[in-house]
Amino acid sequence: MMFSQETESKFKHLASLYPHKRSALIPMLLVAQKEHGYVKPETVEYVAKYLDLSASEVESIMSFYTLLHRNPVGRYHIMICTNLACMLRGSDEIEACVQRKLGVRFGEITADGLFSAIEFECLGSCTTAPAMQINGEFYEDLDVRKVEEIIDGLRKRA
Amino acid sequence: MYELVLLKNIHDPRAADIDRYIELGGYAASRKVIKELTPAEVIETTKQTGLRGRGGAGFPTGMKWSFVPKDTGKPIYLCCNADESEPGTCKDRVIIERDPHQLIEGIIIASYAVDCHQAFIYLRGEFSLGYRMLEKALDEARARSYVGRKIFGSGFDLEIVLHSGAGAYICGEETGLIESLEGKRGHPRQKPPFPAVQGLYGCPTVVNNVETLANLPHIFTRGVEWYKSLGSGPKNTGPKLYCVSGHVNKPAVVERELGIPLPELINDICGGVRNGNKLKGVIPGGSSVPILRPEEIDVRMDFDSLAAKGTLLGSAGIMVIDETACMVRLALRTARFYAEETCGQCTQCREGTWWMEQVLHRIEHGQGKMSDIRMILDMCSNMKGVTICVLSDACAMPVEAMINKYREEFEYHVTEKRCMVGTKSHAHA
């Protein structure tokens, strides 16, 4: 069994929601990614078959969307907004702080597998800038001290 | 004293619960619309208010609905554009996260107007909290038969599907959104045919922004005359959300009438430029629009007043920039965004955004030539009005304005191979 019962039933639900089941493609890949941390090659095959698409077509579509990962990321995946509004409020410092704290560069995973971080486009947090997301949750009005506390907190929890 | 309309519930921590939302007067408007009005009356009333789309283009909402053909025998779809991703914009997120029922009511009213029985909310993939809030709100509305079969005990059926995107700015363009919702790459479509005639699955489709839809319950509660009493003129009516970010003392999502003077927003409401710094410029409508110099900011924040100043209201993402920021770096960051987000279909956009980033990068890093500045301006004019969608224009317009209005900073980077900010020449510029 490749997916949990829960994921399977979500697939079934998603494929039933739309007049054309192909519309469920991106939501299904997001659900699969939630279970595995990234979209595995087997997932591509599986979802393609589920929706009567070819695997190469699914690959092509996937490559268009930045939230779909084709390679593993850290257990905590940090996306730092570096667009204009955050840049004006000091996202440079946030970026430097995250890389220093984690000891890796953007796109890499820490040796313990806990963290990865990337620069990201506008997150829609402009009036609470600078901001970042970790596993989809917002962290806003950041400064260096706050970022250090957040990362230390997640390390402790792990 | 301005009385909040769209944001009136957001400080009530329970407003996202359907019971509380109803206590606050919620679902009365949508119920009344469905039980007492015909779809034609809903369209006519909306036309009379002068409501213009709040996603950026400012197209009259009632008119957009009236383009939907009724006799094709095909289903009609409504897509709520909740893919808020224009840099500088964070207004729809406030409604989605804190007052989701207001949006659902808007969707009910719009769907009824165009005879749509299946609506979709295309939500930005990054909005995880928003997803949970809308999912819960939709479940609550379904349990009360406000969504689903025979809503409000009428003969009208409406299902609303919450659909998550996965990170692509271009899916906020309405035909890119439709392609993405069909399970494809979000490549904008050639128009015509417009979505009203041939949209989702080839059927008539209306795409409306979150804030636009959130206006509807208030229109049908308080009426056309009340709505038209807000705003700066007959073509710029109603309440408006402004996202004021950057170098102000109190950044905030602010609601006021459409057409509030920009200086009032920056100085009186958001506390002015931080640290008493000198203002360098204001981007008034998200990263896609031309910047205003300090001497140009005495303008009303509405569609037509900003157009008269050579810029756009756009998404009302107002980014305030003080003297500490380097305009070359801002231009580079802007170009980099569009180079990252271009879908790649059109040559002018795919190549133009990428080259613009490369050339700005070398100017920023002291390796530029004077001819590079002219070359970028040349590229800008070749990128406007020539592509399937306006992403290409959205890169060219702001970069062109930054160069034309702050040319001395670009030239300083070329001749001195460093940034002008903080130098003596900058203080006198």
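Computation of the quantities below employed the complete heavy-atom set of this structure, encompassing side-chain atoms and omitting hydrogens, waters and symmetry-equivalent molecules. To find a chain, count down the sequence lines: A is the first, B the second, and so on, and within it residues start at 1. Treat the numbers as computed from the prediction; the structure is a model and nothing was measured.
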Engineer: Inspect the contact between A/K21 and A/D52 and indicate whether a charged nitrogen and a carboxylate oxygen are less than 4.0 angstrom apart.
Structural biologist: yes
Engineer: For residues 329-337 of chain B, dump all side-chain donor-acceptor pairs below 3.5 Å to protein atoms at least two apart in sequence or in another chain.
Structural biologist:
| unit_1 | atom_1 | unit_2 | atom_2 | d |
| --- | --- | --- | --- | --- |
| B/R329 | NH1 | A/D92 | OD2 | 2.9 |
| B/R329 | NH2 | A/D92 | OD1 | 3.0 |
| B/R329 | NH2 | A/D92 | OD2 | 3.4 |
| B/R333 | NE | A/T82 | O | 2.8 |
| B/R333 | NH1 | A/E121 | OE1 | 3.4 |
| B/R333 | NH2 | A/T82 | OG1 | 2.8 |
| B/R333 | NH2 | A/E121 | OE1 | 2.9 |
| B/T334 | OG1 | B/L330 | O | 2.7 |
| B/R336 | NH2 | A/E119 | OE2 | 3.3 |

Engineer: Passes salt bridge (Lys or Arg N to Asp or Glu O under 4.0 Å), B/K240 versus B/E211? Steps please.
Structural biologist: CA-CA 8 Å; B/K240 181 75 194 87; B/E211 185 187 348; 2.9 Å; yes
Engineer: With the threshold set at 4.0 Å, does a side-chain nitrogen-carboxylate oxygen contact exist between A/E45 and A/K49?
Structural biologist: no
Engineer: Quick check for you: among B/V161, B/D322, B/I321, which has the greatest number of heavy-atom pairs under 4.5 Å with chain A?
Structural biologist: B/V161
Engineer: Parallel, tilted or perpendicular: which describes the rings of A/F11 and A/Y50, with under 30° parallel and over 60° perpendicular?
Structural biologist: perpendicular
Engineer: Could you tell me which of B/R124, B/H247, B/E126 has the largest number of non-hydrogen atom pairs under 4.5 Å with chain A?
Structural biologist: B/E126
Engineer: Heavy-atom cut-off 4.5 Å, strictly under: side chain, backbone, both or neither for B/Y169 against chain A?
Structural biologist: neither
Engineer: Anything in residues 83-91 of chain A with a heavy-atom distance to chain B below 4.5 Å? Please list those residues in order.
Structural biologist: A/N83, A/L84, A/A85, A/M87, A/L88, A/R89
Engineer: Could you please state which residues from residues 96-109 of chain A sit under 4.5 angstrom from chain B, measuring non-hydrogen atom to non-hydrogen atom, sorted by number, or 'none'?
Structural biologist: none
Engineer: Heavy-atom cut-off 4.5 Å, strictly under: side chain, backbone, both or neither for B/I283 against chain A?
Structural biologist: side chain
Engineer: Measure B/E179 against the heavy atoms of chain A and call it side chain, backbone, both or neither at under 4.5 Å.
Structural biologist: neither
Engineer: Considering only heavy atoms, which portion of B/Y131 lies under 4.5 Å from any heavy atom of chain A: side chain, backbone, both, or neither?
Structural biologist: neither
Engineer: Given a strict heavy-atom distance threshold of 4.5 Å, which part of B/T89 is in contact with chain A: side chain, backbone, both, or neither?
Structural biologist: backbone
Engineer: Could B/R142 and B/E159 be called an ion pair, given the rule that one side-chain N must be under 4.0 Å from one carboxylate O?
Structural biologist: yes
Engineer: Answer with side chain, backbone, both or neither: which region of B/Q118 has an atom nearer than 4.5 Å to a non-hydrogen atom of chain A?
Structural biologist: side chain
Engineer: With a 4.5 angstrom heavy-atom cut-off, could you sort out which part of A/L30 is near chain B: side chain, backbone, both or neither?
Structural biologist: side chain
Engineer: Would you mind checking which part of A/M62 comes under 4.5 Å of any heavy atom in chain B, side chain (CB onward), backbone (N, CA, C, O), both or neither?
Structural biologist: neither
Engineer: Residue by residue, scan residues 135-158 of chain A and write down, ordered by number, those that have a heavy-atom distance under 4.5 Å to chain B; if none do, write 'none'.
Structural biologist: A/G136, A/E137, A/F138, A/E140
Engineer: Taking side chain as everything from C-beta outward and backbone as N, CA, C, O, which of these in B/E84 sits under 4.5 Å from a heavy atom of chain A? Side chain, backbone, both or neither.
Structural biologist: neither
Engineer: Below 4.5 Å from any heavy atom of chain A, which atoms of B/C171 appear? Answer side chain, backbone, both or neither.
Structural biologist: side chain
Engineer: With only heavy atoms counted, which part of A/I26 is less than 4.5 Å from chain B, the side chain, the backbone, both or neither?
Structural biologist: side chain
